[in-house]
Amino acid sequence: MSLSSARQRRATAASPLTDDGYAKDAKDRRRHPGCGDGDGEDGGIKWFLPFLALGLLRHMSASSNLIHDCDEVFNYWEPLHFLLYRSGFQTWEYSSDFALRSYLYLFIHALVAGPASLIFGEHKIRVFYSVRIFLGLISTITETVLVVALSRRYGKRLACYVLAMLCLSSGCFFASTSFLPSSFSMYAVTLSSALFLLEKYAAAVSVAAAGVILGWPFSILVFLPVTVYSLIRGPFGRVFLSGFLTSVSLLVLSFLADYHCYGRLTFSVFNLLKYNVLGGGESHLYGTEGPSFYFRNGFNNFNFAFILALLFLGVAPFARKKYAPDLLIVVSPVYIWLAFMSLQAHKEERFLYPIYTLICVAAAAVIDSFPDFFHDKYSSDQSIFEKIAKGLRPLILGFILCASHSRTFSMLNGYGAPLQIYQHLEYHEDSGPGSILCVGSEWHRYPSSFFIPSYISEVRWIDDGFRGLLPFPFNETLGGTTAAPAYFNNKNKASEEQYLKDIGACTLLVELDLRRPYPSRGNDLTTWEALAALPFLDRELSPALYRSFFVPYRWQQNNVFGLYKLLRRLRTDQH
């Protein structure tokens, strides 16, 4: 009898650990079902809290986000503007000779932009922000599902850590409302991962197919782990059929959209893959970067969370009861994508967007696992180191969030001038109908024709030394979207027709004055008057730390600023 009692006491002392770590913690979670902890579906976060928090932050992003890449403007905002208003710039990718871009992706956004253009009339800027709010709503919904899925599988604490990072990390703040296929793929990766954790395998594969076909075909590598394991775990026939039917349906719709817009039998998804993969791909013409590029950008956008995310594989053995294999499957695309993209010569920050939400998940899981390094599974008592590790979790998360906010603040205030300057155009209708707006070296920060009021008849580029191929206005005479103008090429060679020869024809001018030794046009006060001027951070002359992160009392003092200007030619009677 005494032997039996001793065995029972030993069994009680060495009782099995819960999935979330410790039996004692599990009792606390059952008693206090707040945001700090929680386990299982009954203790999971409800939908309202993450939807509200993410919705507020995504609305802030929609209203204040920068345009980080000229591809967003010329390959997506401008064609959308043309579909709505029959004017806008066309790139060579939209020439029917090359047909690299899918019009189906644009049509999805036109479902919001079309009604908005009817409601707001000539207030095109409101249409622009309506589309951004739509993008923010998609981001909010997909990320809310992910947070809820994580809370049901791994507890409230991990879900709350992820929610905080999704809300405040600079990378997610900027990517969530960018009108880019890589952002669309990010939405799909987020939702597909959430559905996988919720064991909705057929839906997870269907969403993955949509992310690849509607978004970015190359992101198939990001979806691969979840797709493969969904096929293994779910009823194979049902999961496969779901993905197959979704893929075929979207490919047919994409083909029909391309045929309608390009005016010939062509397939943009295949054309894009052919250009970049099957020979002839010359993306290096648009710039190359070293292998450390994505690691530097990852740190800028996620600071120490990015480092923690990379350490997830090292932490997984200590927390395998909690995270293996499902969370490892969800997070594994971070490593696959970083390795693959780092091998490519042409690199751009937006190429990492598909894994941004997964970086938050991986980093949050590492923070949540700190006490596991010091936990003795043979003892029911917590060591002093385990208690310290638990106390460090909110401190480290808080530091990461503060650094993220610092990055966001620096970016918005340092580089926000272009969007604000172009909005000033609507207050200067006295420039007269038929005005011509000219842009020189700042063509790559042109925010789209949605910011150009009706009194401006043309936007023209002027030669400031750029020797690559610039966008041309869609040519209705040649067929609009079906046109294949001779001035386009896929070698990034400048066309003789892309610049306005007579600068005297410019009524308005946008330029950046960085106060270099060489003169700027706006300094000629006998020709131009300044209508608006805003500070713009000079990247070359500002220290890396202060330009990348806002440091109180130091950011303004240590950085160097130029002026982003809107100028108007003086009338003859004013000379």
Peer 1: Under 3.5 Å, side chain of Tyr105 to main-chain N/O of Leu180, donor-acceptor pair present?
Peer 2: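 Answer holds: yes.
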Peer 1: What's the verdict on side chain to side chain donor-acceptor pair (under 3.5 Å) for Asn65 and Thr177, showing C-alpha distance, side-chain angles and the deciding distance?
Peer 2: CA-CA 7 Å; Asn65 197 2; Thr177 55; 3.0 Å; yes
Peer 1: List for me each residue that meets side chain to side chain donor-acceptor pair (under 3.5 Å) alongside Thr91, sequence neighbours excluded, and say none if there are none.
Peer 2: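 Side chain to side chain donor-acceptor pair (under 3.5 Å) check on Thr91 returns Asn75, Glu93.
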Peer 1: Going by the angle between their ring planes, with limits at 30° and 60°, are Phe89 and Tyr446 parallel, tilted or perpendicular?
Peer 2: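 Perpendicular.
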Peer 1: Is there a donor in the side chain of Thr140 and an acceptor in the side chain of Arg58, or the other way round, less than 3.5 Å apart?
Peer 2: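 No, because no side-chain N or O of Thr140 sits under 3.5 Å from a partner of the opposite role on Arg58.
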Peer 1: Distance check, rounded to the nearest 0.5 Å: Leu150 atom CG versus Ile45 atom CD1?
Peer 2: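 It comes to 9.0 Å.
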Peer 1: How would you list, by chain and number, every residue that makes a side chain to side chain donor-acceptor pair (under 3.5 Å) with Glu349, sequence neighbours excluded?
Peer 2: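 Once residues adjacent in sequence are excluded, the partners of Glu349 under the side chain to side chain donor-acceptor pair (under 3.5 Å) criterion are Asn301.
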Peer 1: Whether the side chain of Ser151 engages the backbone of Val148 through a donor-acceptor N/O pair (distance < 3.5 Å, no angle test) should be reported.
Peer 2: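 Yes, because the side chain of Ser151 sits within donor-acceptor range (under 3.5 Å) of the backbone of Val148.
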Peer 1: Are Phe351 and His346 close enough that some pair of their side-chain heavy atoms sits under 4.5 Å apart?
Peer 2: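 Touching, per the 4.5 Å side-chain cut-off.
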Peer 1: Testing Val315, Val366, Ile359 one by one against Leu308 for a side-chain contact (heavy atoms from CB on, under 4.5 Å), which residue passes?
Peer 2: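 The side-chain contact (heavy atoms from CB on, under 4.5 Å) with Leu308 is passed solely by Val366 among Val315, Val366, Ile359.
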Peer 1: For Val189, does its backbone N or O pair with a side-chain atom of Ser192 as donor and acceptor, under 3.5 Å?
Peer 2: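 Absent.
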Peer 1: Let me check something: any side-chain donor-acceptor pairs from residues 220-230 under 3.5 Å, sequence neighbours excluded? List them with distances.
Peer 2:
{"unit_1": "Thr227", "atom_1": "OG1", "unit_2": "Phe223", "atom_2": "O", "d": "2.8"}
{"unit_1": "Ser230", "atom_1": "OG", "unit_2": "Val226", "atom_2": "O", "d": "2.7"}

Peer 1: Between Tyr259 and Leu265, does a side-chain contact (heavy atoms from CB on, under 4.5 Å) hold up when you go through it step by step?
Peer 2: CA-CA 5 Å; Tyr259 175 71; Leu265 294 175; 3.7 Å; yes
Peer 1: Taking only residues two or more places apart in sequence, or in another chain, which ones meet Ile108 in a side-chain contact (heavy atoms from CB on, under 4.5 Å)?
Peer 2: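 So Ile108 forms a side-chain contact (heavy atoms from CB on, under 4.5 Å) with Leu214.
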Peer 1: Shortest non-hydrogen contact from Tyr275 to Asn490?
Peer 2: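 Closest approach of Tyr275 to Asn490: OH-O, 4.0 Å.
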Peer 1: List the residues meeting salt bridge (Lys or Arg N to Asp or Glu O under 4.0 Å) with Arg445, not counting sequence neighbours, and say none if there are none.
Peer 2: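 Arg445 satisfies salt bridge (Lys or Arg N to Asp or Glu O under 4.0 Å) with Glu442 only.
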Peer 1: Phe174 and Tyr353: aromatic ring centres closer than 6.0 Å?
Peer 2: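 Aromatic pair excluded; centres sit 6.0 Å or further apart.
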Peer 1: Would you say the side chain of Glu72 lies within less than 4.5 Å of the side chain of Trp77, judging by non-hydrogen atoms?
Peer 2: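 Touching, per the 4.5 Å side-chain cut-off.
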Peer 1: With a 4.5 Å heavy-atom cut-off, do Cys261 and Phe107 have their side chains touching?
Peer 2: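 Side chain of Cys261 against side chain of Phe107, heavy atoms only: contact under 4.5 Å found.
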Peer 1: Please name the pair of heavy atoms, one in Arg393 and one in Pro371, separated by the smallest distance, quoted to 0.1 Å.
Peer 2: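 Heavy-atom minimum between the residues: NH1-CG, 3.5 Å.
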Peer 1: Less than 4.5 Å apart, any side-chain heavy atom of Trp47 and any of Thr144?
Peer 2: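 Answer yes - side chains close enough.
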Peer 1: Treating Gln90 as the side-chain partner and Tyr94 as the backbone partner, does any N or O pair qualify as donor plus acceptor under 3.5 Å?
Peer 2: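 Yes.
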Peer 1: With side chains defined as the heavy atoms from C-beta onward, is the minimum distance between Tyr129 and Phe450 less than 4.5 Å?
Peer 2: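 Answer no - side chains too far apart.
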Peer 1: Who passes side-chain contact (heavy atoms from CB on, under 4.5 Å) against Phe134, sequence neighbours left out?
Peer 2: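 Counting only residues at least two positions away or on another chain, Phe134 forms a side-chain contact (heavy atoms from CB on, under 4.5 Å) with His109, Val112, Ile138.
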Peer 1: Looking at Ser139 and Leu135, would you say the former's side chain and the latter's main chain have a donor-acceptor pair under 3.5 Å?
Peer 2: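 Absent.
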Peer 1: Looking at Thr246 and Ser206, would you say the former's side chain and the latter's main chain have a donor-acceptor pair under 3.5 Å?
Peer 2: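 The answer is no, because no donor-acceptor pair under 3.5 Å joins these two groups.
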Peer 1: Determine, step by step, whether Ser268 and Arg101 satisfy the side-chain contact (heavy atoms from CB on, under 4.5 Å) criterion, reporting the C-alpha distance in whole Å, the side-chain angles of both residues, the deciding distance to 0.1 Å, and the verdict.
Peer 2: CA-CA 5 Å; Ser268 59; Arg101 303 296 176 184; 5.8 Å; no
Peer 1: Show every donor-acceptor pair shorter than 3.5 Å between a side-chain atom in residues 196-204 and any protein atom, with sequence neighbours excluded, or say none if there are none.
Peer 2:
none

Peer 1: I want to check something: taking the side chain as every heavy atom from C-beta on, are Val207 and Tyr187 in contact at a cut-off of under 4.5 Å?
Peer 2: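 With C-beta onward as the side chain, the pair stays apart.
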Peer 1: Taking all non-hydrogen atoms of both residues, which atom of Phe98 and which atom of Arg264 are closest, and how far apart?
Peer 2: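 In terms of heavy atoms, the two residues are closest at N-NH2, 4.5 Å.
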Peer 1: For Pro217, which residues count as a side-chain contact (heavy atoms from CB on, under 4.5 Å) partner, sequence neighbours excluded?
Peer 2: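 Once residues adjacent in sequence are excluded, the partners of Pro217 under the side-chain contact (heavy atoms from CB on, under 4.5 Å) criterion are Val269, Leu272, Leu273.
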Peer 1: Using distance only, find each side-chain donor-acceptor pair of residues 394-409 under 3.5 Å and give its atom names and separation, not counting sequence neighbours.
Peer 2:
{"unit_1": "Ser404", "atom_1": "OG", "unit_2": "Asn303", "atom_2": "ND2", "d": "3.1"}
{"unit_1": "Ser404", "atom_1": "OG", "unit_2": "Ile400", "atom_2": "O", "d": "3.0"}
{"unit_1": "Ser406", "atom_1": "OG", "unit_2": "Phe550", "atom_2": "N", "d": "2.6"}
{"unit_1": "Ser406", "atom_1": "OG", "unit_2": "Phe550", "atom_2": "O", "d": "2.6"}
{"unit_1": "Arg407", "atom_1": "NE", "unit_2": "Asn300", "atom_2": "O", "d": "3.4"}
{"unit_1": "Arg407", "atom_1": "NH1", "unit_2": "Ser548", "atom_2": "O", "d": "3.4"}
{"unit_1": "Thr408", "atom_1": "OG1", "unit_2": "Ser170", "atom_2": "OG", "d": "2.9"}
{"unit_1": "Thr408", "atom_1": "OG1", "unit_2": "Ser404", "atom_2": "O", "d": "3.1"}

Peer 1: Taking side-chain contact (heavy atoms from CB on, under 4.5 Å) as the criterion, tell me which of Glu348, Met341, Lys347, Gln344 meets it with Phe293.
Peer 2: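 Single side-chain contact (heavy atoms from CB on, under 4.5 Å) partner of Phe293 among Glu348, Met341, Lys347, Gln344: Lys347.
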Peer 1: Locate the shortest heavy-atom distance separating Phe128 from Pro447; write the atom from each residue and the value.
Peer 2: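 Closest approach of Phe128 to Pro447: CE1-O, 4.1 Å.
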Peer 1: Please name all residues satisfying side-chain contact (heavy atoms from CB on, under 4.5 Å) with Leu256, sequence neighbours left out, ordered by chain then number.
Peer 2: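 Leu256 satisfies side-chain contact (heavy atoms from CB on, under 4.5 Å) with Val252 only.
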Peer 1: Is any side-chain heavy atom of Glu289 closer than 4.5 Å to one of Arg296?
Peer 2: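 Answer yes - side chains close enough.
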Peer 1: I would like to know whether Ser183 and Ser176 meet side-chain contact (heavy atoms from CB on, under 4.5 Å); could you show each step before the answer?
Peer 2: CA-CA 6 Å; Ser183 285; Ser176 60; over 6 Å; no
Peer 1: When the aromatic ring centroids of Tyr335 and Phe312 are compared, is their separation below 6.0 Å?
Peer 2: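 No; Phe312 has its ring centre 6.0 Å or more from that of Tyr335.
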Peer 1: A side-chain contact here means heavy atoms from C-beta on lying under 4.5 Å apart; do Leu166 and Thr190 qualify?
Peer 2: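 In short, these two side chains do not touch, never coming nearer than 4.5 Å.
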Peer 1: Which pairs, with at least one residue in residues 212-223 and sequence neighbours excluded, count as a side chain to side chain donor-acceptor pair (under 3.5 Å)?
Peer 2: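 Side chain to side chain donor-acceptor pair (under 3.5 Å) check on residues 212-223 returns Ser185-Ser219.
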Peer 1: Donor-acceptor pair, distance only, cut-off 3.5 Å: does the side chain of Ser448 make one with the backbone of Glu78?
Peer 2: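 Judged by distance alone, no pair lies under 3.5 Å.
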Peer 1: List the atom of Leu80, the atom of Ala113, and the distance in Å for their closest heavy-atom pair.
Peer 2: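 Closest heavy-atom pair between Leu80 and Ala113: CD2-CB, 4.1 Å.
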Peer 1: Which salt bridge (Lys or Arg N to Asp or Glu O under 4.0 Å) pairs, counting each pair once, include a residue from residues 224-236, with sequence neighbours left out?
Peer 2: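 Passing the test, one end in residues 224-236: Arg233-Asp326.
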Peer 1: My understanding is that only one of Thr142, Leu358, Thr357, Val361 makes a side-chain contact (heavy atoms from CB on, under 4.5 Å) with Ser193; could you say which?
Peer 2: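 Result: among Thr142, Leu358, Thr357, Val361, Leu358 is the only option passing the side-chain contact (heavy atoms from CB on, under 4.5 Å) with Ser193.
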Peer 1: Taking the six-membered ring for Trp and the single ring otherwise, decide whether the centroids of Tyr356 and Phe302 are under 6.0 Å apart.
Peer 2: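 Yes, close enough.
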Peer 1: Would Val212 and Leu250 count as a side-chain contact (heavy atoms from CB on, under 4.5 Å) if you check the C-alpha gap in whole Å, the side-chain angles of each, and the deciding distance to 0.1 Å?
Peer 2: CA-CA 10 Å; Val212 171; Leu250 293 176; over 6 Å; no
Peer 1: Is a donor on one side and an acceptor on the other found under 3.5 Å between the side chain of Ser542 and the backbone of Arg539?
Peer 2: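 Side chain of Ser542 to backbone of Arg539: no pair is present.
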Peer 1: Tell me whether Asn271 contacts the main-chain N or O of Ala99 through its side chain, where contact means a donor paired with an acceptor under 3.5 Å.
Peer 2: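 Flag set: sc Asn271 to bb Ala99 pair under 3.5 Å.
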Peer 1: Under a 3.5 Å distance rule, please check whether Ser410 uses its side chain to pair with a backbone N or O of Arg547 as donor and acceptor.
Peer 2: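 Judged by distance alone, yes, a pair lies under 3.5 Å.
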Peer 1: Could you check, using the six-membered ring where one of them is a Trp, whether Phe48 and Phe51 have ring centers closer than 6.0 angstrom?
Peer 2: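 Judged by ring-centre distance (under 6.0 Å), Phe48 and Phe51 do not meet the cut-off.
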